[in-house]
Amino acid sequence: MVLNSLAGPAMERSLGLLRPFGRFVELGKRDFAEDSRVGLRPLRRNATYFAVDLDEVARARPALAARLLEGIADRLRTGVLRPLPATEFAATEVETAFRGLQASQHIGKLIIAPPAVSAGEARASPLAQAGRGTILVVGGVQGFGLAAARWLAGQGARHLALLSRGGAATPGAEAALRDLAARGATATIHACDATDAEALGRALQAIRAAAPPLRGVVHAAAVAGDGAAARLDPGRTARVLAAKLTVAENLDRLTAADPLALFLLFSSATVAIGNPGQAAYVAANAALEALARRRRAAGRPAMAIGWGPIADAGMLAGDPATAGILQRRIGAAPVPAAEALAALPALLAADCAAPGLARIDWATARGTLAVLEEPAFEAIRSAAPPPAEAADLQARLRGAGEAEALRLLRETLAAELARILRLPATAVAAEAPLAGLGLDSLGSMELRTALEQRLGMPVPLSGVAEGLSLEALARRLVGQLRSDPAEPLAAALLAQHEPPTPTDGLEDAA
């Protein structure tokens, strides 16, 4: 038998040592991760190859993994098994320890003892304190909420309560429990509409009765309700606000007696800069930040984190088209969930009510978001000058005659419409009504931001009117540009098409 943890050529040579009917047990992971190739000749004499990855055992069969580990622990307690010898080094001796490891001067294990943590430092870590009890994650069965629950388990949280409207009936719920168990956390799933204070109160009572004290809350639920501000109806706006603010208010009130060390609200980076088409969503997240400030003023823990787009979890994970629009519109590039969550300790250490984490191309954002011209964003403006293309086109338009300016604007409009509608530029006829081409109110907002970026000045478009054509829009724009370039270009357009109806109910994603 070969019990192997070597990789590459050393693994192949070990495989070649097998006698007939020998067994090769692979414990290493490097060759698996690198998809290494190996010749099968050593196996021709009835040898057997076993691949063993204990992480996968714990993930796929947590009960078996627990039983095996408990058996090892029993043998260690009774002395049947004895641990390998270990040599301990202080944190200041880490280089000496690694030099000894490098020279193979040791037997057994080398242990680096971390620096001692004072009682004051231990108290200062809200994650450590929350991890000693139960952490509630609202919207934690799917999406970015589930990613946060996994991250918390990886940080040592051992008791998690995941709450969503669908509860255990949510697709993937059982797999989520297995995954968290493999990470060492005991998790329970609770079906509850958190906008209903009475229902949330009952769910919290059940959690308190069955688990350690509630020490942490993470609110990661949200509803999208995209649409032009002028076209938002009270019902749609109320759903978006309820998913964020009503849930946060209920959690704030119903956990007032719990010894919370962590009260995290998942907000959006768009609160600071806005996002065309998401007025209700931005307002809801701004309300979360206000609630966080109110709690902190009362001496209670709270933080509302303004996340930028998340690449692989939550609302944008299955919607690359929307992610692309966000990147074009405000220069916001999606960040992987693991990378975003890895910044949580630093954000918590910042000790402020509403920190943010987003990857934004400020030059692109400056071309589309007029708010960045405000004095508060002076530092961003100096670091991100307006796009050269915008300045060049604007100069050409102002210096050209009317016919030439119209031609330039028609070409610019046709190119942007073709990109948004995924049509060949030749398919956008100058006299064709824009509504007839399929440009709805959200599409018109994307057209507006694209034109602002190309022209280098505000172009407020609120929708698409019956009969408005590319030619008519070009004439309005050039007329306004030539008459008074200091004034914003205006096109008084009334929205004809409603934006898509948002999904009802709480989404398990931030």
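Heavy atoms only: backbone and side chains are in, while hydrogens, waters and symmetry mates are out. Here the structure is a predicted model, which is why all the values come from computation and not from measurement.
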- Below 4.5 Å, heavy atoms only, C-beta onward: do Pro42 and Leu18 meet side chain to side chain? no

- Query: Taking side chain as C-beta onward, heavy atoms only, is Asp312 less than 4.5 Å from Pro336?
  - Reply: yes

- Mind jotting down which residue pairs meet the side chain to side chain donor-acceptor pair (under 3.5 Å) criterion with at least one end in residues 151-161? Sequence neighbours excluded, please. none

Taking distance alone, no hydrogens or angles, what donor-acceptor pairs closer than 3.5 Å link side-chain atoms of residues 92-99 to residues at least two apart or in another chain?
{"residue": "Glu93", "atom": "OE1", "partner": "Ala90", "partner atom": "N", "Å": "3.0"}
{"residue": "Arg99", "atom": "NH1", "partner": "Gln102", "partner atom": "OE1", "Å": "3.4"}

- Item | Contacts of Arg293 that satisfy side chain to side chain donor-acceptor pair (under 3.5 Å) - sequence neighbours left out | none

- Ion pair Glu289/Lys244, N-O distance below 4.0 Å: no

- Note on the structure: To the nearest 0.5 Å, atom CG of Asp196 lies from atom CZ of Arg202 at 6.5 Å

- Message: Please check: side-chain N/O of Glu12 versus main-chain N/O of Val38, any donor-acceptor pairing under 3.5 Å?
- Response: no

- With a 4.5 Å heavy-atom cut-off, do His219 and Leu251 have their side chains touching? yes

- What do the steps show when you test Thr170 against Ile189 for side chain to side chain contact (heavy atoms under 4.5 Å, CB included), and what is the final call? CA-CA 10 Å; Thr170 304; Ile189 293 180; over 6 Å; no

- Ile111 atom CD1, over 12 foreign heavy atoms within 6.0 Å: yes

- Nearest 0.5 Å please: distance from the OG1 atom of Thr195 over to the CZ atom of Arg239. 12.0 Å

- Pairwise distance CG(Leu200) to CG(Leu136) - rounded to 0.5 angstrom: 7.5 Å

- Message: I'd like to know if the side chain of Arg150 reaches the main chain of Ala147, judged simply by a donor and an acceptor atom lying under 3.5 Å from each other, with no hydrogens or angles considered.
- Response: no

- Note on the structure: By side chain to side chain donor-acceptor pair (under 3.5 Å), Thr188 pairs with (sequence neighbours left out) His190

- Could I get the full list of salt bridge (Lys or Arg N to Asp or Glu O under 4.0 Å) partners for Glu339, not counting sequence neighbours? Arg359

- How long is the gap from CZ on Arg45 to CZ on Phe21, to the nearest 0.5 Å? 11.0 Å

- Task: Taking side chain to side chain contact (heavy atoms under 4.5 Å, CB included) as the test, write out the residues that go with Leu68, two or more places apart.
- Result: Leu64

- Query: Is Arg178 paired with Glu174 through a side-chain N to carboxylate O contact shorter than 4.0 Å?
  - Reply: yes

- Residue pair Leu152 / Val218, side-chain heavy-atom distance below 4.5 Å: yes

- Item | Side-chain donor or acceptor of Arg75 paired with backbone N/O of Gly71 under 3.5 Å | yes

- Note on the structure: Value for CG (Leu262) from CG (Leu127), rounded to nearest 0.5 Å, stands at 6.0 Å

- How would you list, by chain and number, every residue that makes a side chain to side chain contact (heavy atoms under 4.5 Å, CB included) with Ser5, sequence neighbours excluded? none

- Donor-acceptor under 3.5 Å (Arg59 side chain, Asp179 main chain): no

- Message: Under the rule for side chain to side chain contact (heavy atoms under 4.5 Å, CB included), what residues qualify as partners of Ala187, not counting sequence neighbours?
- Response: Leu160, Leu177, Leu180

- Task: Write out all pairs satisfying side chain to side chain donor-acceptor pair (under 3.5 Å) with one or both partners inside residues 18-35, taking only residues at least two apart or from two chains.
- Result: Asn4-Glu26, Lys29-Asp53, Lys29-Asp55, Arg30-Glu34, Asp31-Ser36

- Query: Does CZ in Arg77 sit with more than 12 non-hydrogen atoms of other residues, nucleotides or ligands closer than 6.0 Å?
  - Reply: yes

- Working to the nearest 0.5 Å, report the span between CG of Leu265 and CZ of Arg295. 8.0 Å

Side chains of residues 207-217: which donor-acceptor pairs under 3.5 Å do they make with residues two or more places apart or in other chains?
{"residue": "Arg208", "atom": "NE", "partner": "Asp258", "partner atom": "OD1", "Å": "2.9"}
{"residue": "Arg208", "atom": "NE", "partner": "Asp258", "partner atom": "OD2", "Å": "3.4"}
{"residue": "Arg208", "atom": "NH2", "partner": "Leu254", "partner atom": "O", "Å": "2.9"}
{"residue": "Arg208", "atom": "NH2", "partner": "Asp258", "partner atom": "OD2", "Å": "2.7"}
{"residue": "Arg215", "atom": "NE", "partner": "Pro259", "partner atom": "O", "Å": "2.7"}

- Any ring-ring contact (aromatic ring centres under 6.0 Å, His included) involving residues 31-66? Give me the pairs, sequence neighbours left out, ordered by first then second residue. Phe24-Tyr49

- Task: Any pair with a residue in residues 194-217 that passes ring-ring contact (aromatic ring centres under 6.0 Å, His included), sequence neighbours left out, goes on the list, sorted by first then second residue, please.
- Result: none

